[in-house]
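All figures in this text were calculated on a predicted structure; none of them were measured in a lab. Every chain is numbered from 1, with letters handed out A, B, ... down the list of sequences.
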2 protein chains.
Amino acid sequence: MLTKAQIESASDVAARSLFDAIVDQRIPPGAPLRLKELSEQLGMSMMPVREAIRRLAALDLVEIEPRRGARVRELSLADLEDTYFARLHLENIAVWEAAQNFTADDGAQAAAALADREAAQEAGDRVAARDAHERFHFAIYEASQRTWLIRSILPAWRNSERYRIGAMRHIETQGTRDHEHTQILSALMRHDGLEAVRWMTNHLTSSVRLSAQHLISETGEADREISLPKVAEVVARFDIAAGIPAEIPTV
Amino acid sequence: MLTKAQIESASDVAARSLFDAIVDQRIPPGAPLRLKELSEQLGMSMMPVREAIRRLAALDLVEIEPRRGARVRELSLADLEDTYFARLHLENIAVWEAAQNFTADDGAQAAAALADREAAQEAGDRVAARDAHERFHFAIYEASQRTWLIRSILPAWRNSERYRIGAMRHIETQGTRDHEHTQILSALMRHDGLEAVRWMTNHLTSSVRLSAQHLISETGEADREISLPKVAEVVARFDIAAGIPAEIPTV
DNA sequence: TTGTGGAGCCGTTGATCAAATGTCAAGATC
DNA sequence: GATCTTGACATTTGATCAACGGCTCCACAA
């Protein structure tokens with residue numbers, strides 16, 4: 001069986017290239033995105049590049065000033081904190097919902113993505129590893145079958161990649177990450193929503209800590225405690241929600 | 001003090017016109033969006049229209065098939081349910097967070113939007129009323145100061161407008177809606193997060209019920225119970241979260 | 001039922017228009 | 001005389017336009 005031949009439009013190529021370049025900081029925060037310059041580098045006209053920039057702006061990775069062009073959004077501890085606040089809430093809801101109706105097929109897809117990720121990691125292919133990582137997480141979220149919730153997750157996810165990639169490049173904590181991934185997946189396969197939420201929260205919390213450390217070391221921004229919901233608090237929410245009997249009358 | 005002269009680009013005009021037309025069903029669900037046709041109607045070339053369509057596609061109001069053009073997404077009970085599931089979770093989190101640091105200025109802005117809405121309603125200006133309604137809700141959400149969370153809300157919000165506008169056009173339940181709005185606002189001014197969440201949940205729950213009724217009556221889709229979190233369940237989550245002492249150790 | 005031709009439409013291009021900024025010299029101010 | 005302000009001009013860059021090329025779909029014929 002052949003998969004449908006995916007023809008990639010010029011603007012698809014541009015969007016992907018720009019996203020990679022921004023995440024890898026080949027285009028650093030604050031840098032202007034000149035249409036002419038980029039279109040020459042990518043070997044296409046200005047319009048597909050323009051469209052790609054608008055797409056990234058829809059994800060809020062770049063800022064557009066009318067008639068003045070676009071520039072890459074700056075990174076900051078406040079933005080990092082804000083991003084992970086959203087991710088903690090949104091992705092835990094998705095995980096919680098996913099636990100209810102997690103199928104063997106969902107599990108297989110997630111496991112395959114995890115395997116791809118490790119293979120790419122071995123091969124030193126960072127882009128492929130990042131791609132597989134995203135596939136793993138979203139395979140889980142899609143099991144929730146809450147389409148609009150999943151759509152809401154993507155912008156914050158993509159933004160967090162900007163912080164995560166740099167932080168993960170050097171530091172060797174891959175073992176811990178892999179373990180967290182496996183624990184989330186196995187909890188879901190057991191339909192144990194609470195345990196899945198617990199591990200997801202740990203996963204995100206440790207991610208944000210590493211990212212913050214890295215950011216502080218790079219920019220010299222003042223070190224401070226990041227204010228995020230505590231693991232126990234997050235877990236407690238879902239715990240109590242599960243205990244509410246259905247027959248409680250709505251107000 | 002003069003506010004900066006806001007020049008509206010051609011694609012801004014196109015995006016707004018198209019959004020209004022889709023919400024009002026002047027362009028019905030499933031209808032194709034032909035670049036040439038629209039550009040002639042709007043008196044501009046195809047390119048700004050094309051960009052406007054891509055913007056609406058980013059909000060998932062229209063679907064783009066490569067080389068085949070765009071069409072307005074169909075409405076369905078499942079999509080409505082899904083949309084409000086996301087809204088219930090996301091907007092309640094925002095309201096809860098807003099309650100903590102709600103300022104008098106936040107209150108003033110929200111109250112002004114409410115007043116605008118009633119004035120527009122009197123004048124029979126549906127577009128202005130819709131606009132003011134959106135300003136009211138987002139004035140509240142912005143008080144949470146959780147930027148990425150707020151951004152995540154917008155797509156689902158805009159999608160729900162497609163269902164809500166039709167449902168609200170004929171039915172006269174404006175009194176109830178106004179009361180709910182006022183209650184949400186006054187709870188926030190008292191920093192009573194739990195009460196604000198309770199009223200917000202009621203507000204959304206009654207919205208989705210009306211929208212579902214209207215949709216069923218229009219499309220003849222089979223009537224069925226919509227599955228959404230119960231008010232008590234939603235409220236309980238925040239109730240318990242508030243009770244978790246900060247010193248509980250993170251896992 | 002299957003292959004072919006033509007019409008319609010989107011994606012892309014290169015050119016044009018217009019806004020915004022930088023430059024620089026003349027004049028005002030101290 | 002040195003410094004700052006002002007205004008015209010040139011340059012850069014984004015926004016828009018009109019036309020081309022290629023893909024998709026439908027009708028029609030074998």
Side-chain angles (χ1 to χ4, degrees), chain A residues 1-19 21-22 26-74, chain B residues 1-19 21-22 26-74:
Chain A
M1 184 180 111
L2 294 171
T3 63
K4 182 172 182 180
Q6 288 291 352
I7 39 155
E8 221 180 9
S9 72
S11 51
D12 289 340
V13 174
R16 202 162 34 75
S17 305
L18 282 178
F19 178 69
I22 290 172
R26 291 199 307 278
I27 307 179
L33 299 167
R34 301 285 170 217
L35 289 181
K36 198 174 180 187
E37 180 187 333
L38 293 170
S39 63
E40 279 164 11
Q41 285 176 19
L42 291 166
M44 59 182 74
S45 86
M46 288 162 61
M47 181 130 94
V49 176
R50 175 186 153 88
E51 184 179 319
I53 290 175
R54 309 307 263 231
R55 275 197 232 172
L56 297 183
L59 295 172
D60 275 291
L61 298 185
V62 308
E63 287 171 318
I64 294 180
E65 286 177 281
R67 302 229 159 249
R68 304 256 343 260
R71 54 185 59 245
V72 180
R73 271 178 74 99
E74 298 281 357
Chain B
M1 182 181 117
L2 295 171
T3 62
K4 181 168 186 181
Q6 286 292 351
I7 40 155
E8 219 181 12
S9 72
S11 51
D12 288 340
V13 175
R16 201 162 33 75
S17 306
L18 281 179
F19 178 69
I22 289 172
R26 290 199 307 280
I27 307 179
L33 300 167
R34 301 282 170 222
L35 290 182
K36 198 173 181 188
E37 180 186 332
L38 294 170
S39 62
E40 279 164 10
Q41 285 177 21
L42 292 166
M44 59 182 72
S45 87
M46 289 162 60
M47 187 146 74
V49 177
R50 177 187 150 87
E51 184 180 317
I53 290 175
R54 309 307 264 227
R55 275 198 232 172
L56 297 183
L59 293 173
D60 274 294
L61 298 185
V62 308
E63 288 172 317
I64 295 179
E65 287 175 279
R67 300 234 159 244
R68 302 255 340 259
R71 53 184 59 245
V72 181
R73 271 177 74 99
E74 298 281 358

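Residue Pro29(A) comes nearest to Glu74(A) through the heavy atom pair CB-OE1, 3.6 Å, listed as atom of the first residue, atom of the second, then distance.
When rounded to the nearest whole Å, the span between CD of Glu40(A) and P of dT12(D) equals 13 Å. Nucleotide dC10(C) holds its C1' atom 14 Å from the CZ atom of Arg71(B), rounded to whole Å. dG14(D) atom P lies 14 Å from atom CD of Glu51(B), rounded to whole Å. If you measure from atom CZ of Arg55(B) to atom P of dA15(D), you get 10 Å, rounded to the nearest angstrom. In this entry the distance linking CD1 of Ile53(A) with P of dG14(D) reads 7 Å, nearest Å. Put simply, CD on Glu8(B) is 15 Å from P on dA19(C), counting in whole angstrom units. Atoms NZ (Lys36(B)) and P (dC10(C)) sit 10 Å apart, rounded to a whole Å. Rounded to a whole Å, the CD atom of Glu65(A) is 15 Å from the P atom of dT13(D).
Side-chain atoms of Pro48(A) lie closest to dT13(C) of the nucleotides dT13(C), dG11(C), dT16(D). For Ser9(A), counting side-chain heavy atoms from C-beta on, the closest listed nucleotide (dT13(C), dT12(C), dC10(C)) is dT12(C). The Ala10(B) side chain lies nearest to dT16(D) when the options are dT12(C), dT16(D), dG14(D). Considering only the side chain of Arg67(B), dC23(D) comes nearest among dC23(D), dG14(D), dT12(C).
An OP1 or OP2 oxygen of dA15(D) is reached within less than 4.0 angstrom by a side-chain nitrogen or oxygen of Arg54(A). Phosphate contact (OP1/OP2 of dG14(D), side-chain N/O of Arg34(A), threshold under 4.0 Å): present.
If you check every strand for non-hydrogen atoms under 4.0 Å, Leu33(B) touches sugar and phosphate atoms only. No engagement by Ile64(B) is indicated, since no non-hydrogen atom pair under 4.0 Å with the nucleic acid exists.
With rounding to the nearest 0.5 angstrom, the CD1 atom of Ile53(A) is 12.0 Å from the CZ atom of Arg55(A). If you take CG on Leu56(B) and CD on Glu51(B), they are separated by 11.0 Å, rounding to the nearest 0.5 Å.
Both Arg68(A) and Met47(A) lie close to DNA chain D; mapped to their nearest nucleotides by heavy-atom distance, the more 5′-ward contact belongs to Arg68(A).
Between Arg54(A) and Arg54(B), every side-chain heavy-atom pair lies at or beyond the 4.5 Å cut-off.
Without hydrogens or angle criteria, Arg73(B) side chain to Leu61(B) main chain gives no donor-acceptor distance under 3.5 Å.
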